[in-house]
Amino acid sequence: MADLAFRPSAEYELWVAGVALVSAARADAVPDDDYLAGAPDQEMNDRRAVCLAAGCQSFWLVDPKTRTVSVSEGNLTRHYSAGESISCPLLAAPLAVDEIFG
């Protein structure tokens with residue numbers, strides 16, 4: 001899902017994720033005139049902790065300048081670059097970093 005509007009929790013304003021992965025059950029539960037409550041299943045370093053605390057399972061920070069992807073899950077962050085593949089429990093198969101920037 002691209003350009004997903006959500007509120008990580010009631011005290012935060014509306015945020016927009018450029019790309020997000022949300023389960024069909026959560027997406028279907030959101031009324032057409034409302035926004036996703038909590039973080040998407042899939043924006044910046046300062047938002048990572050908020051999103052993870054609000055239920056995000058895998059937070060990806062994609063940097064087109066350096067062509068790198070940082071993937072945070074729980075307390076662990078892994079950094080990937082060209083030639084590497086990202087394994088994530090939310091993906092059916094590993095994703096090559098080169099495909100993201102291709």
Side-chain angles (χ1 to χ4, degrees):
M1 175 178 294
D3 293 330
L4 174 72
F6 68 99
R7 290 185 68 182
S9 61
E11 68 266 18
Y12 289 96
E13 298 176 11
L14 182 67
W15 292 1
V16 177
V19 177
L21 176 65
V22 177
S23 69
R26 283 184 71 194
D28 291 345
V30 178
D32 290 339
D33 62 344
D34 203 358
Y35 300 105
L36 179 70
D41 298 335
Q42 169 34 115
E43 195 162 337
M44 305 300 167
N45 285 328
D46 58 336
R47 295 187 178 200
R48 177 184 0 235
V50 172
C51 287
L52 291 171
C56 178
Q57 294 177 6
S58 186
F59 185 96
W60 294 32
L61 185 59
V62 179
D63 188 338
K65 263 188 185 173
T66 62
R67 298 178 67 89
T68 60
V69 180
S70 298
V71 178
S72 298
E73 294 170 340
N75 292 326
L76 180 65
T77 300
R78 292 189 176 115
H79 306 281
Y80 300 90
S81 56
E84 297 181 310
S85 291
I86 302 167
S87 293
C88 172
L90 300 174
L91 300 176
L95 174 65
V97 172
D98 297 328
E99 287 185 47
I100 295 171
F101 300 108

Heavy atoms only: give me the nearest Gln57-Glu73 pair and the separation to one decimal. O-CG, 3.5 Å
Within a strict 4.5 Å, meaning less than it, do heavy atoms of the His79 and Thr77 side chains meet? yes
Considering all heavy atoms of both residues, which atom of Ile86 and which atom of Leu91 are nearest to each other, and what is their separation? O-CD1, 4.2 Å
Measure the shortest side-chain to side-chain distance between Arg47 and Pro8 over non-hydrogen atoms and say whether it is less than 4.5 angstrom. no
Restricting to non-hydrogen atoms, name the atom on Phe101 and the atom on Pro64 that form the minimum distance, rounded to 0.1 Å. CE2-CA, 3.7 Å
Under the side chain to side chain contact (heavy atoms under 4.5 Å, CB included) rule, what do Trp60 and Leu95 come out as? Steps first, then yes or no, please. CA-CA 13 Å; Trp60 294 32; Leu95 174 65; 4.0 Å; yes
Shortest non-hydrogen contact from Thr68 toward Ser81: CG2-CB, 4.1 Å
How close do Trp15 and Cys51 get, heavy atom to heavy atom, and via which atoms? CZ3-SG, 3.8 Å
Please report the closest heavy-atom contact between Ala5 and Leu14, naming both atoms and the distance. CB-CD1, 3.9 Å
Val71 vs Ser58 side-chain heavy atoms within contact, under 4.5 Å: yes
Any sub-3.5 Å donor-acceptor pair from Asp98's side-chain atoms to Ala82's backbone N or O? no
Output for pair (Phe6 CZ, Cys56 SG), nearest 0.5 Å, gives 8.0 Å
